[in-house]
K.L.:
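Got a structure for you, written out below as structure tokens; questions coming shortly.
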There are 2 protein chains.
Amino acid sequence: MIDKLKIKYPASEKVYMAGQLYPDLRVAMRKVYLTPTATRQADGSVAYAKNEPVVIYDTSGPYSDASYEPNLSKGLPRTREQWILQRGGVERLTSFSSVYSRERLADASTRDIRFPAPPLPLRALPGKGITQMHYAKQGIITPEMEYVAIRENMNCEALGIKTHITPEFVRDEIAAGRAVIPANINHPEAEPMIIGRQFLVKINTNIGNSATTSDIPQEVEKAVWSCKWGGDTIMDLSTGDHIHETREWIVRNSPVPVGTVPLYQAMEKVHGNAEDLTWEIYRDTLIEQCEQGVDYFTIHCGIRRANVHLAQGRRTGMVSRGGSIISEWCVKHDRESFLYEHFDDICDICAAYDTAISLGDGLRPGSIDDANDRAQFAELDTMGELVTRAWEKGVQAFIEGPGHVPMQKIPENMQRQIEKCHEAPFYTLGPLVTDIAPGYDHITSAIGASIIGALGTAMLCYVTPKEHLALPNRDDVRTGVVTYKIAAHAADLAKGHPGAAVRDNALSKARYEFRWKDQFNLSLDPDLAAQYYREGHLEGGEFCTMCGPNFCAMRISRRLDASAPATSDSPSEGHTAGERCDDILLQMDEA
Amino acid sequence: MIDKLKIKYPASEKVYMAGQLYPDLRVAMRKVYLTPTATRQADGSVAYAKNEPVVIYDTSGPYSDASYEPNLSKGLPRTREQWILQRGGVERLTSFSSVYSRERLADASTRDIRFPAPPLPLRALPGKGITQMHYAKQGIITPEMEYVAIRENMNCEALGIKTHITPEFVRDEIAAGRAVIPANINHPEAEPMIIGRQFLVKINTNIGNSATTSDIPQEVEKAVWSCKWGGDTIMDLSTGDHIHETREWIVRNSPVPVGTVPLYQAMEKVHGNAEDLTWEIYRDTLIEQCEQGVDYFTIHCGIRRANVHLAQGRRTGMVSRGGSIISEWCVKHDRESFLYEHFDDICDICAAYDTAISLGDGLRPGSIDDANDRAQFAELDTMGELVTRAWEKGVQAFIEGPGHVPMQKIPENMQRQIEKCHEAPFYTLGPLVTDIAPGYDHITSAIGASIIGALGTAMLCYVTPKEHLALPNRDDVRTGVVTYKIAAHAADLAKGHPGAAVRDNALSKARYEFRWKDQFNLSLDPDLAAQYYREGHLEGGEFCTMCGPNFCAMRISRRLDASAPATSDSPSEGHTAGERCDDILLQMDEA
């Protein structure tokens, strides 16, 4: 497997903030150090003014802590385990409850690819509530709740920026179902994060092998890779061999919550014949995954037998894999789906491990022509009914949304979701605002994602350039994650999230002052920004290729602005010696 | 130079539509042929149903006409010349009016790089109005107006789609100043196109060499390259040597309108010292470029001496090169800029050639922190005053806009522009909705561009991935243009442009029916879509890498949908033989 997988951000340090309710909390963040602003004085000398470091929300987990030595075969530190055990109400099982899990552990043929010594699972004691929602309803602020409150605010208190996000506010949002902390008690390696309209917009990355591609080390590396670029959760959508083993490796090494679509694995267990699916097989799969530590399940229980026909006559029918499978089951058996009929049983299982439910939109539109149609909205109504049933059992839940929606139809999606689903968090895939750009659907969907995020969608499922064409590779994952960080951040700015503009402002100040390294280091993808700059420089000779020798707007502007630090006053050179590109490049080479 | 530069779109034919007022008009469009839908019958045979070709707005000019042989040294056919001469009111000059033009023509050292035999210019006879706006105000529908009416509608009449766009409607919009047809009488090679809120959203591509990079053949090729991908106009922003000669080659070979920022060349003439700029030098530059055929000028005449200080204290001061240059001039001379003072003279020059004026936003925000500030809006007020003065002289005009604007501040930009600038078309750069993603600013800006386009912005200036970092290369131009086609098209859908959804619907139907080739051919970038598909296929073995053998949602959905053509009913195979990826790849290889 992979021996070493450390994440390094330029000019950055991993820092930890303590809690007040829970002083032992170590809330992880990334601190980016900046170079000083150089100001030329009247006498020709240069004065330097310090630029304060910028604190950034950090999804990379211990991998970016210089003092941490990753050991994938051991897994990440199980930080949350003490919190869970101290709260009580749980028991350590002596063996796995799932028949399938026990079979896999006994299967000698997979010994070499198994995660060594998977931990025995925790489960709620009978009659005990142990979910974050349960505690929130009791008025209890958990360490997870204080953790996310601190995390969401970054260092805005130190900057004098007001925030509405307190531990009590978090608790209240979770109690009301308006926010979710996906935090399976069997995934204590994950750092707490929150999904809700009043918080930073989150993004999810889909990974997973198919029957034909990838292998376990690649998938684990892809998970960490997603965390490096800013993915807030990952969904393991594997459909090929060794789903169970792959998932164990991913969960044990993931610092972010992990979601799955259990139906995919259930389908593998019936060799791809939807008709052969049963509640018993599905139930065992849920328990198997709950005990591995999956933090949320996409469950397509919003499809009613009576609504399946609504997809007929659509331009693109059903495009959800889970939705199409369960629809086929309904039609073949001519009865209500076992997901819908057993929804209360599903909730009981999830409640015992604090696995959140993501109500999957099996009837989401797969083309702009199908957007906002009867099929889509009938399912939304059902999801609104189901989410309240989940809440009654203390199960955290959120709602999945489209898909393909032209811009003018996006607001109705958000408004209806808030109304019909009682303010449960919304989690959308894009939406793509046009169908005509395969190869660029990270962009068509980021447009829709920004808009629906600004309107209140809590989490955005990323889309890569390969959508509709092929499975994404490593580069596609990076492009998809960064693109979705843009969409989420644009929405955070639009919503006025406390401190969201701090990073923009620091980067723009660096840009105006020709502090190129700071500009790169503060950007979502420092490597690519520096690479483009370098390549351009090599083509361009000794001047910045942005402007050439005579035409730099910012340089002229700074000459005119008496209040700004002047770095150059000679029109015959592009920048002062301290700012010349070749100097910058040398600095970068040293770094 | 370049000998051969033909554009080939897959499964496409160049078609021409005739006019009704002007039966000789040949309005160029691209017709994409589709494969039939295959339907498996009860007896196992396959029936085929025709799919109608899709007609697409086409910016590629004669280069994509199979019967046309490009000859860059001769230039494109001068189609509009007859229309202009027949309307009268113009004279053919016997020499160039600009001193500088005559000097360049007499300069032996540039003989080898000059366009051979540049045509002598046309100019309005004294006292004659010859602009599109002049004719529109007289109630005259020109061939250009009928051309754009037909072009905007594509074949929607044949499809039974209602349209508001008639030649009379076009005339009315131009007469009112709400739309512009950039159509210099000395650029008869350009196909007429229209910029206005009631029409398809257009995109502009910036090209041009700097002092340090590129050469003439590369720039001409970049112009044609932009047209291939869908650029509606190009701006030649060259700042290096041979600006004059480069521009001549570009204009003679450009099927789309060409814009410039004359101040850049004026700056070259004073060796980069803004202080030395004079009205006389600038005036000669305007005439030089009008007689070459430049269709629109960006002129930063909205900066008043009294407003320059408003940029002080901004996070990023001034980021417009033209704006910063003219501001420096104002400050150094402590007087109103010659652009503002001579605005009526500028209009008189533009009126004589029908060069449109793009009122440049020298005070646009260069960071989200500076968006919608006093500096920006003070300039907008001045532009609103100037645009009415242009209209009084029959000069077509539009207004440039930002820049960097967070999502929540975009609507105010559009609303104020409509109000203060009397519904003159708006032409924005993005806007970028966050500052934190250098290397991805085509995306940060496409988000803002889609939103402001849907609100009514008529033209979007593209941004490439290299923005803020380096000058774009050929790949960056392609990425930038396609990204902006996405933004413009998303806005067209949102505005309900007649027939805008036809292409989306045809592509989605092809997707649902596994007609991969049609899906690629209808996409904005057929080459990239096919490339991604192929690469994925090669990794993925004999199944489509989207779904693997058992998990294709669309296949299952089609099985369930009795009304849809069924192409496969065996769950044990990914697609029927007729749809297998390897067959598709063979088909592609044949094409």
Side-chain angles (χ1 to χ4, degrees), chain A residues 210-212 239 272 312-313 315-319 321 324 328 331 367-369 406-408 433-439 443-444 447 450 454 466 469-471 483 486 489-490 493-494 503-505 507-508 512 523-525 528-529 532-533 536 539-541 545 548 550-551 553 556-557 561 563, chain B residues 210-213 239 272 312-313 315-319 321 324 328 367-369 406-408 433-439 443-444 447 450 454 466 469-471 483 486 489-490 493-494 503-505 507-508 512 523-525 528-529 532-533 536 540-541 545 548 550-551 553 556-557 560-561 563:
Chain A
S210 75
T212 53
T239 58
Q312 290 191 9
R315 186 158 307 263
T316 48
M318 263 177 267
V319 295
R321 292 194 287 182
S324 65
E328 185 164 56
V331 169
S367 56
I368 59 164
D369 197 38
M407 288 172 72
Q408 79 277 15
V433 295
T434 168
D435 304 341
I436 66 170
I443 300 176
T444 64
I447 294 167
S450 308
K466 294 285 171 62
L469 299 170
L471 286 173
T483 301
I486 291 169
H489 185 71
L493 291 170
R503 187 173 180 179
D504 295 78
N505 293 345
L507 190 147
S508 288
Y512 191 51
S523 72
L524 287 176
D525 189 339
L528 188 71
Y532 282 172
Y533 179 85
E539 288 167 12
T545 52
N550 298 325
F551 280 86
I556 299 172
S557 175
D561 186 352
S563 71
Chain B
S210 75
T212 54
T213 60
T239 58
Q312 290 190 9
R315 186 155 311 260
T316 48
M318 265 177 264
V319 295
R321 292 194 285 184
S324 65
E328 185 164 56
S367 57
I368 60 164
D369 196 39
M407 288 172 72
Q408 79 277 14
V433 294
T434 167
D435 304 342
I436 67 169
I443 299 175
T444 64
I447 292 167
S450 308
K466 296 282 172 64
L469 299 170
L471 286 173
T483 301
I486 290 169
H489 185 71
L493 291 169
R503 187 172 179 180
D504 294 79
N505 293 344
L507 189 148
S508 288
Y512 192 51
S523 71
L524 286 177
D525 189 340
L528 189 72
Y532 283 172
Y533 179 85
T545 51
N550 297 327
F551 280 86
I556 299 173
S557 174
L560 296 177
D561 186 352
S563 71

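Within every chain, numbering begins at 1; the chains are lettered A, B, ... in the order of the sequence lines, protein sequences first and strands thereafter.
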K.L.:
Search all heavy atoms of A/I436 against all heavy atoms of B/H489 and return the closest pair with its distance.
P.N.:
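Closest pair (atom of A/I436, atom of B/H489, distance): CD1-CD2, 3.4 Å.
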K.L.:
Quick one: of A/N505, A/V433, A/D525, A/L528, who has the most non-hydrogen atom pairs under 4.5 Å with chain B?
P.N.:
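The residue among A/N505, A/V433, A/D525, A/L528 with the greatest pair count is A/N505.
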K.L.:
Can you name the side chain to side chain contact (heavy atoms under 4.5 Å, CB included) partners of A/E328, sequence neighbours left out?
P.N.:
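A/E328 satisfies side chain to side chain contact (heavy atoms under 4.5 Å, CB included) with A/A274, A/K332, B/I556, B/R559, B/L560 once adjacent residues are dropped.
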K.L.:
Roughly how far, to the nearest 0.5 Å, is the CD1 atom of A/I443 from the CD1 atom of B/I486?
P.N.:
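Rounded to the nearest 0.5 Å, the CD1-CD1 separation comes out at 5.0 Å.
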K.L.:
Of the non-hydrogen atoms in A/L507 and B/P438, which two are nearest, and what is the gap between them?
P.N.:
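Nearest heavy atoms, A/L507 then B/P438: CD1-CD, 4.1 Å.
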K.L.:
Measure across A/S508 and B/T316 and return the closest heavy-atom pair with its distance rounded to 0.1 Å.
P.N.:
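Scanning both residues completely, I find the closest heavy atoms to be O-CG2, 3.4 Å.
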K.L.:
A/D504 side chain to B/T434 main-chain N or O, any donor-acceptor pair under 3.5 Å?
P.N.:
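No; zero donor-acceptor contacts below 3.5 Å.
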K.L.:
Which bit of B/A490 comes within less than 4.5 Å of chain A, counting heavy atoms only: side chain, backbone, both or neither?
P.N.:
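Its backbone and side chain both get close to chain A.
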K.L.:
For A/S450, give me all partners under side chain to side chain contact (heavy atoms under 4.5 Å, CB included), at least two apart in sequence or on another chain.
P.N.:
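Side chain to side chain contact (heavy atoms under 4.5 Å, CB included) check on A/S450 returns A/A487, B/M407, B/I447.
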K.L.:
Where is the tightest heavy-atom contact between A/A470 and B/Y532, given as atom of each residue plus distance?
P.N.:
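A/A470 and B/Y532 have their closest heavy atoms at CB-O, 3.8 Å.
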